[in-house]
Amino acid sequence: MAVAVELPKLQELSDQELMAWTPKEFVEKIIGKSEMFAEIFFHKEHWETFELDEQTRKDNLVEFCARLAWREFYNGVHPPSKQIVMLEKNPEDIGIRIRLAQQIIDEVQHQRTWGRWCKHYGGSPRLQDYDVSPEVIKQFQLTNDYDDPAEIAVNLQLTGEPILVYLFGFGTLKPEESITYSLLPTELLKDIEKSVVADEPRHIAVGKEIMKKYCGDAKKRRNILELQCTRLENTIRIMMKDLELLGAKRVGQLPII
């Protein structure tokens with residue numbers, strides 16, 4: 001079995017090293033770590049698939065879609081709304097706030113898309129009918145429970161959003177390399193690519209703008225990087241469950257956060 005890959009421990013760098021990066025370079029480091037995590041986590045070689053009978057597969061797809069619908073709404077609507085309010089005191093941030101408002105609109109549409117697929121597979125499209133699991137609630141808390149727009153951005157736009165693209169079977173992995181691309185129904189993949197994945201670049205882009213402007217001093221940058229590590233640890237718990245629902249179990253080493 002392959003040796004586990006250790007992600008860069010950026011949070012352990014010295015103050016001088018952290019501040020040697022421009023804000024743009026700092027953002028690139030965050031995105032780079034998110035993508036490195038996703039490439040390792042979702043690569044097909046680390047997973048083994050197992051057969052599901054037709055009814056179990058349908059039931060699991062209902063739960064998978066419901067989990068995504070809940071996350072799209074709660075992680076995608078509440079935190080950007082908080083960011084808008086936080087940025088309201090600075091008139092120069094009006095452009096960022098408008099882009100965040102567009103993200104909120106997109107995320108509501110994404111929730112409706114996943115709800116529609118949930119109904120397609122025999123479940124309820126209503127958020128209030130989903131019995132949310134503890135790790136999903138924790139992910140919402142790890143995204144929303146901050147009073148700084150950059151702290152929300154690292155969790156949502158710069159970590160959560162890039163990784164979700166890989167969960168949906170896209171990203172830098174080739175289709176034949178992605179475990180989820182091979183497991184998700186073709187009809188679902190095609191719709192999600194058009195109605196969800198296509199919106200993610202602009203969500204990531206607004207997060208980049210927030211981070212470049214508000215990444216702060218060395219102490220703040222280190223805190224931001226530590227928040228990303230915590231987010232990634234919980235992401236493993238959530239997405240191990242997501243993949244299990246689709247019919248895959250992890251056989252390779254998990255990335256070391």
Side-chain angles (χ1 to χ4, degrees), residues 52 54-86 97 100-147 149 151-153 155-157 159-169 180 183-185 187-200 202-203 206-207 230-231 233-247:
L52 298 169
E54 184 177 352
Q55 188 57 53
T56 300
R57 179 160 175 76
K58 274 191 172 183
D59 292 343
N60 286 7
L61 282 169
V62 167
E63 185 173 355
F64 180 85
C65 293
R67 284 166 67 87
L68 266 297
W70 197 96
R71 280 143 64 185
E72 294 280 15
F73 182 78
Y74 281 93
N75 293 342
V77 173
H78 294 67
S81 299
K82 287 186 71 174
Q83 287 174 311
I84 288 175
V85 174
M86 293 170 188
R97 282 157 43 213
L100 286 168
Q102 180 61 56
Q103 179 176 358
I104 292 168
I105 293 169
D106 293 343
E107 302 288 13
V108 171
Q109 288 301 119
H110 295 176
Q111 180 269 314
R112 289 173 176 168
T113 296
W114 286 108
R116 188 167 63 248
W117 280 104
C118 192
K119 184 178 180 180
H120 173 80
Y121 294 119
S124 169
R126 300 180 353 136
L127 281 173
Q128 56 269 45
D129 292 340
Y130 173 53
D131 185 16
V132 62
S133 57
E135 78 276 4
V136 173
I137 293 175
K138 183 175 180 180
Q139 196 81 321
F140 170 65
Q141 294 167 337
L142 291 174
T143 307
N144 190 67
D145 290 358
Y146 304 101
D147 297 316
E151 292 179 352
I152 289 178
N155 283 292
L156 175 61
Q157 290 104 344
T159 302
E161 298 277 19
I163 293 172
L164 274 181
V165 171
Y166 288 80
L167 173 63
F168 302 153
T180 44
L183 292 174
L184 287 167
E187 57 184 359
L188 175 61
L189 274 172
K190 288 181 177 179
D191 184 39
I192 294 305
E193 182 178 18
K194 178 179 65 176
S195 59
V196 177
V197 175
D199 295 332
E200 304 300 1
R202 64 169 170 248
H203 303 168
V206 71
T230 303
R231 170 76 182 226
E233 293 284 1
N234 197 59
T235 295
I236 288 175
R237 286 185 280 273
I238 286 182
M239 295 190 174
M240 289 282 281
K241 175 63 175 178
D242 291 339
L243 270 291
E244 181 185 343
L245 288 169
L246 296 178

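Being a predicted model, the structure only gives us computed values, none of them experimental.
- Nearest heavy-atom pair across Pro125 and Gln111 is O-NE2, 3.9 Å.
- Contact between Tyr166 and Thr180 at its shortest, heavy atoms only, is O-OG1, 3.1 Å.
- In terms of heavy atoms, Trp114 sits closest to Ile192 at CZ2-CD1, 3.6 Å.
- No more than 12 heavy atoms of other residues, nucleotides or ligands lie within 6.0 Å of CD in Glu54, so this atom counts as exposed by the packing criterion.
- Contact check for Tyr121 versus Pro185: side-chain heavy atoms found under the 4.5 Å cut-off.
- Between the side chains of Arg237 and Asn234, at least one donor N or O sits under 3.5 Å from an acceptor N or O.
- To the nearest 0.5 Å, the span separating CD on Glu161 from CG on Asp199 amounts to 9.5 Å.
- Looking at Leu246 and Phe64, their side chains come closer than 4.5 Å, going by heavy atoms from C-beta outward.
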message: If you apply the rule side chain to side chain contact (heavy atoms under 4.5 Å, CB included), what do you find for Leu245 with Asp59, and how did you get there?
response: CA-CA 9 Å; Leu245 288 169; Asp59 292 343; over 6 Å; no
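- Taken from OH in Tyr130 to OG in Ser124, the straight-line distance is 13.0 Å, to the nearest 0.5 Å.
- Residues Arg116 and Asp191 form a side-chain contact, since some pair of their non-hydrogen atoms from C-beta on lies under 4.5 Å apart.
- Pro79 and Leu156 make their closest contact through CB-CD2, 4.1 Å (heavy atoms, listed as atom of the first residue, atom of the second, distance).
- Listed here is the closest heavy atom pair of Gln139 and Thr235: NE2-OG1, 3.0 Å.
- Separating the CD1 atom in Ile163 from the CZ atom in Arg231 is a distance of 7.5 Å, to the nearest 0.5 Å.
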task: Could you walk me through whether Leu167 and Leu243 pass side chain to side chain contact (heavy atoms under 4.5 Å, CB included), step by step?
output: CA-CA 9 Å; Leu167 173 63; Leu243 270 291; 4.0 Å; yes
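- Counting heavy atoms from C-beta on, the side chains of Asn75 and Asn155 never come closer than 4.5 Å.
- Contact check for Ile152 versus Pro149: no side-chain heavy atoms found under the 4.5 Å cut-off.
- Taking Glu233 as the reference, nothing meets the salt bridge (Lys or Arg N to Asp or Glu O under 4.0 Å) condition, with sequence neighbours excluded.
- Residue Arg97 holds its CZ atom at 15.5 Å from CD of Gln102, rounded to the nearest 0.5 Å.
- Taking the six-membered ring where the residue is Trp, His203 and His110 present tilted rings, their angle falling between 30° and 60°.
- Judged by distance alone, the side chain of Lys82 and the main-chain N or O of Tyr146 form a donor-acceptor pair under 3.5 Å.
- In this structure, Ser133 OG and Glu63 CD are separated by 7.5 Å, a value rounded to the nearest 0.5 Å.
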- prompt: side chain to side chain contact (heavy atoms under 4.5 Å, CB included) between Phe140 and Val132: does it pass, once the steps are laid out?
  reply: CA-CA 11 Å; Phe140 170 65; Val132 62; over 6 Å; no
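- The two residues Ser195 and Thr113 make their nearest non-hydrogen contact at OG-CG2, 3.4 Å.
- Looking at Gln83 and His78, their side chains never come closer than 4.5 Å, going by heavy atoms from C-beta outward.
- Side-chain contact check for Glu107 and Gln103: at least one donor-acceptor pair (N or O, by modelled atom type) lies under 3.5 Å.
- Side-chain N/O atoms of Gln109 and Glu72 include no donor and acceptor closer than 3.5 Å.
- In this structure the side chain of Asp106 reaches within 4.5 angstrom of the side chain of Arg202, judged on heavy atoms.
- The residues Arg71 and Asp242 are annotated as salt-bridged, a charged nitrogen and a carboxylate oxygen being separated by less than 4.0 angstrom.
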field: Trace of the side chain to side chain contact (heavy atoms under 4.5 Å, CB included) decision for Leu188 with His120
entry: CA-CA 10 Å; Leu188 175 61; His120 173 80; over 6 Å; no
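- Here the side chains of Leu100 and Gln157 are in contact, with some heavy-atom distance below 4.5 Å.
- Ring geometry for Trp70 against Tyr74 counts as parallel: the plane angle stays under 30°, on a 0 to 90° scale with 60° as the upper cut.
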